[in-house]
**Q** 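Here you go, one structure.
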Amino acid sequence: MRYPFTEIESKWQKFWEDNKTYNTDLSKTEKKLYTLVMFIYPSGAKLHIGHWYNYGPTDSWARFKKLQGYNVFEPIGYDAFGLPAENNAIKYGIHPQDSTLKNIADIREQLKKMGCMYDWDAELMTCDPEYYKWNQWIFLQMYKRGLAYRKNAPVNWCPNDQTVLANEQVVDGCCERCGTTVIQKNLYQWFFKITDYAEELLDGHNKIDWPHETILKQQNWIGKSEGAEVTFKVVGSDEIIKVFTTRPDTLFGVTYVVLAPEHPLVDKITKPEFKADVDEYRESTKKLTEIERTSTVKEKTGVPTGSYAINPVNGEKIPVWIADYALITYGTGCVMAVPAHDERDFEFATKFNLPITKVILQDGTNENDELISAFTDVGTMINSAQFNGLRSDEGITKVIKYLEENNFGKGKINYRLRDWLISRQRYWGTPIPIIHCSTCGEVPVEESELPIELPYDVDFKLGGESPLARNEKYINVKCPKCGTAAKRDPDTMDTFVDSSWYYLRFLDPKFSTSAFNKELANKWAPVDMYVGGKEHSVMHLLYARFFHKFLRDIGLVNSDEPFAKLVHQGVITKDGAKMSKSKGNVVNPDEFTSKYGTDVFRMYLMFMGPYDQGGDWSDKGISGVERFVIRSYELFNLYSEIINQTSVKAKYDISVLSDNEKKIYRKLNQTLKKFGEEIEHFRFNTAIASLMELINELKVLESCSKEIQSYVLQRFASMLAPVAPHLGEECWQIIGNEKSIFQNPVVFEVDKDALIEDTVNIAVQVNGKLRATIPAPMNSEQDAVKPLVFADEKVTKFTDGKTIVKEIFVKNKIYNIVVK
RNA sequence: GCGAGAAUGGCGGAAUUGGUAGACGCGCUAGACUUAGGAUCUAGUACCGAGAGGUGUCGGGGUUCGAGUCCCCGUUCUCGCACCA
C-alpha cells in the first residue's frame, strides 16, 4: 500500500485550521505551558532546513505536552525589520515593506504546511505600526528614567552597510552581516543603559534553567571583575589619572602609567616637545583596523607623553605613556603598569627599557633572581612597605582598605558590558520618538502621538545618514514645546529592540491600548520553554532579559526573567560547512517534503541525532523513517475494523492476559514510559527509536483480543501524533475516533504495574569477563542465583580448579566471580 | 593565550547511580516471493579466528571485582572569548 501523504496532510491541515484546534484560551491558566521558538527573520521567501530543524522538533515537544493535558500556547511571529530587506531595496529597487510583506505571506503558507500547532490568531509582525508603536513607548519609558540617553561616542561603523553596529554585531572586527572591516567613528547616538542591570543580569542566572555554556558566555560578556580604582596625580598639573586594577596588591610595583591614545587627558598632559610624536602615534593607531589593533600577536607600541605621575602609595615619580594596548572602552581607559606581574606590561617595559620592580615573590625563589617573564600568581608581598610578608591574595583587601583610608582610591567593581547602542542610520526599523529643537534640545514625542509611523516614500541610497533624514515631510516638524521649526531624530532602532519583548506581545496582541496585557503576562510569563540558536546566546537573550527586568521595574510584569527554560537546537551543515546562499550549498526542504511528505521529513530531522548537536546533512537514512511511517499506516489499516473503543479500559491486570497479550501490553507500556522521558528532554532520536522497536514487535497483535489490540493501537497513535502529527491524526481516525487526537488527550498514561519483567538475564562474569547470561526470576537473591550460575558449564569451565576469591552480586544485573 | 564541548562499527548514532558496548536506522551479505523491481519479507552483520577463544569505545597511565562512563597525562577536532588592566 502506498502512503497517500499529500491527501492526508492537506486534509488535517485544513481540519486544524477550520476547527481552530490549536487556538489557546489564555484565560485558562491551569497547567499553562508557554512554549516558544525564536520568531522568524523573513529575509527571504523560502524556509530552509534550519527553520524546519528549529520548528518541527520543538512543535513535537509542544504536541507531546498537549497530549499530556497541558494548556499549551505556541505562537509564531515575524522579526520583520532589519538590514537585509533594505539592502535588497537598494539593490533591486523593491520597497522593504513590499518585499517583507510578500516574504511573510509566503513563509506563512510554508509554515502551515509544516503542520505545527501554532495559534494563528496570535500571529504578529514587528513592522506593524501597532507593534513598533510600543517599541517607541518603551523607549519613552526608558527615556523618562534616564535609561535611554544620547551621547557622542566612538562607535563601530560599517562602511559598507553605512551604519553603526552594536559591539555584539562586530565579529572579528568585521560587520556581522556583510563581513566588511568595521571602523571607529564618533557620532551622537542613542544608548540603552543596560549597564545599570549588569549585576542583576549576573544574579538572574541562578534563577533560570539554561544551558551552562550559554550562561558562561553571558557571564563572560558582562565581564565582572573586582578590584580598585586608584588615583595618580600628574606632576606639575591639577590633572589626575584614575586607573582600574584587579591587582591592588601590586601597587608598589607600578613603574609607569599608560593612557589609551584616544583618552581626553592626553591633550592636556602631553609636554610640547613630545606633542609631535604623540599626535603621530594617535594618527597611526586610528588608522589601524579593529582586528589589527586587538591582535594579541602584535608587538606592543607606544610613546611617552613627557609627563609624570605620582604613585600614591610610595610617592614615586613614574612616566606617563600612551599605548594602544590600553583600551578606551574598558575601565577608565588608563592602566597602571606593573611589569613584574603582568605579561603585557612586562613585554612593554622590556621593549622600551622601563624599570621592572618585583613586589610579589614567587614561592621557592629569591628576591634577586632574575625575572624572565611576569609572575602573575599568588606569592609573598615584598618591597611594599607595611604590607611586606603578606600573601598577595590577602594583601588585596588590605591595600584597598589603606587606599580608602588615605583617599588614594577605593574598591571598585568593573564590568566589560557596555551600554547598548540602539541608533541605526537606516530606514527599515522603528523610528526614534524624539524631536530635536534648537532651543529646547531633545524633546520626547507625546505618548498620545504614537506611533510615529515610518513614511513609505523614501530615498534608500546610501549616504552615511539615515534615509529618513532626506524625507522632508517626515523630518521637519514643529517643536512640541516651543512650536518653532524642529527636526525628528532621523535614526531608527536596532531590530534587537523588537525582539526584546515580543514574547509578551503574543499574550493578547489585539489589546492595542497597551504594549501587552499585564494581567495575562503575569499569568503566562515567563516563557516556559524557549528554543533557538546558540548564535543568540549573548545579544538577543541578554537584551530580552534586560527588557524584562526593566518592564518589571515599571510594574508591567511581576517575574524577573523572560525565559525559564532554554534549549538550543544544533546547526545542520552541508559537507561540514554552514549552508548559505552565497556558498550555494543550501538544501531545499521541498525536495524531500514533496517526495516523502512533511511527517517523514520532520521525523527524519528528529531521528538524525541529538537535537542540540545538529549534524551534517545527508538524506541517507530517510528511507528508514519512511518505512516506519508506511508500516504504521498499514498497521492501522489492518485493524481499521476495531471501532468499539468504549470497551477499552485504562489499564489491565496482566495476570489474566495471555502470554502474547502480556508481552505486548508490557512492551507498550515500557515504550510509553521511555518515549515520554525522551521527548520531555528533547531526545527525539531515541524517542523515535523506541517507537521503531515497538512496531517491530507488533506482529503478536494478531493473536490478541480486540480489547488489547484497541488498547495498544490507541496508545501507539498517541505516540505517533507528536512526532508525525498528520499520520497520528489519521491513524486515530482509522481506529474509529472522530475528533482530533489533540482534542481529547487521554491515553498518555503509563501502567506502572506492567513495566516489571518476570525474568531477567543476569550477566555472569569470571574475573570481569562475560562468560554466560542466565535467566532468573526478577529480584532473585544471590542464594537463589548461585546454583544456577555454577550449574552452567560455560562458567564452571573457567572456575574449575581455581580458588574463588570473591563473588560480587548485583541484583538483576551481574554475578561476578573472582578466581585465582 | 583563556574558556566550553567532543572523539564509540563501513555511516548517523544508542548505552540510569561505574554493571551484558554497539539499541534504532542506513548500508552491506545471503535467502524467499516475483508480472525481474532501487518494492516487500526472513536471517546475518564490531574486529581477528575454522573453532575454542582472543581483541575492542582517540593514545598512555591509574582507581575498581568490574571503566565508553571516574581520576591524571597527552593527541586531534568543534565552538565561544580574545591586549578586559
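All heavy atoms count here, side chains included; hydrogens, waters and symmetry mates do not. Proteins get letters first, then strands, A, B, ... in listed order; numbering begins at 1 in each.
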**Q** May I ask you to test the A/Ser225-A/Tyr330 pair for a side-chain heavy-atom distance under 4.5 Å?
**A** yes
**Q** Between A/Lys674 and A/Lys620, name the one whose nearest nucleotide on RNA chain B is closer to the 5' end.
**A** A/Lys674
**Q** Could you check whether A/Ile808 gets within reach of a base, just the sugar-phosphate, or nothing at all, counting any heavy atom under 4.0 Å?
**A** base
**Q** Atom CD1 of A/Ile688 to atom C1' of B/A14: distance rounded to whole Å?
**A**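 Distance check: A/Ile688 CD1 to B/A14 C1' gives 14 Å.
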**Q** How is A/Thr245 classified with respect to the nucleic acid when contacts are heavy atoms under 4.0 Å: base, sugar-phosphate, or nothing?
**A**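 Sugar-phosphate: the residue A/Thr245, judged by heavy atoms under 4.0 Å, touches backbone atoms but no base.
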**Q** Choosing from B/G19, B/A82, B/G53, which nucleotide comes nearest the side chain of A/Asn816?
**A** B/G19
**Q** So what does A/Asn761 hit on the nucleic acid, given a heavy-atom distance under 4.0 Å: a base, only sugar-phosphate, or nothing?
**A**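 Base contact.
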**Q** Just the rounded figure in Å: distance from P of B/C26 to OH of A/Tyr596.
**A**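 In whole Å, B/C26 P lies 12 Å from A/Tyr596 OH.
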**Q** So what does A/Glu693 touch, heavy atoms closer than 4.0 Å: a base, only the sugar-phosphate, or nothing?
**A** sugar-phosphate
**Q** Side chains of A/Asn696 and A/Arg631: is there a donor and an acceptor less than 3.5 Å apart?
**A** yes
**Q** Contact class for A/Lys769 vs. all strands (heavy atom < 4.0 Å): base, sugar-phosphate, or nothing?
**A** sugar-phosphate
**Q** Can you check the A/Lys224 NZ to B/G3 P distance for me, whole Å?
**A**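 Rounded to whole Å, this separation is 20 Å.
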**Q** Specify the residue among A/Met608 and A/Ala689 whose closest nucleotide of RNA chain B lies further upstream toward the 5′ end.
**A**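 First, find each residue's nearest nucleotide; the 5'-ward one identifies A/Met608.
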**Q** Given Watson-Crick or G-U pairs with both distances under 3.5 Å, what dot-bracket string fits RNA chain B, with | for other-strand pairs and [ ] for crossing?
**A** (((((((..(((......[....)))((((((.......))))))(((....)))..(((((..]....))))))))))))....
**Q** For a quick check of understanding: with a heavy-atom distance under 4.0 Å over all strands, which category does A/Lys797 fall into, base, sugar-phosphate or nothing?
**A**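 Sugar-phosphate, backbone atoms only, no base.
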**Q** Quick one: side-chain hydrogen bond (donor to acceptor under 3.5 Å, both in side chains) pairs with a partner in residues 250-261 of chain A, sequence neighbours left out?
**A**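 Residue pairs with at least one partner in residues 250-261 of chain A: A/Tyr256-A/Tyr325.
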**Q** Counting the atoms with a prime plus P, OP1 and OP2 as sugar-phosphate, which does A/Gln613 contact under 4.0 Å by heavy atoms, base, sugar-phosphate, or nothing?
**A** sugar-phosphate
**Q** For B/G9, does the glycosidic angle fall within 90° of 0 (syn) or outside that (anti)?
**A**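 What B/G9 shows is a syn base, its glycosidic angle lying within 90° of 0.
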**Q** Considering only heavy atoms and no angle criterion, is a donor-acceptor pair shorter than 3.5 Å present between the side chain of A/Lys813 and the base of B/U17?
**A**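 Such a pair is found, so the answer is yes.
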**Q** Indicate whether the side chain of A/Asn585 and that of A/Asp575 have a donor and an acceptor atom separated by less than 3.5 Å.
**A**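 Per modelled atom types, A/Asn585 and A/Asp575 side chains form no pair under 3.5 Å.
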**Q** Under 3.5 Å, is there a donor on one side chain and an acceptor on the other for A/His205 and A/Arg545?
**A**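 The criterion, which ignores hydrogens and geometry beyond distance, is satisfied for A/Arg545 and A/His205.
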**Q** Can you classify the ring geometry of A/Tyr543 versus A/Trp420 as parallel (below 30°), tilted (30 to 60°) or perpendicular (above 60°)?
**A**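 A/Tyr543 and A/Trp420: parallel rings.
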**Q** Ignoring hydrogens and geometry beyond distance, is the side chain of A/Lys217 in donor-acceptor contact with the base of B/C81 at under 3.5 Å?
**A**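 Under the 3.5 Å cut-off, the side chain and the base do not form any donor-acceptor pair.
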**Q** Using a cut-off of 4.0 Å on non-hydrogen atoms, how would the nucleic acid contact of A/Gly570 be classed: base, sugar-phosphate, or nothing?
**A**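 No contact.
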**Q** Cut-off 3.5 Å, side chains only: do A/Tyr415 and A/Thr195 have a donor facing an acceptor?
**A** no
**Q** Need one value for A/Arg771: base, sugar-phosphate or nothing, where a base atom within 4.0 Å counts as base even if backbone is also close, heavy atoms only.
**A** sugar-phosphate
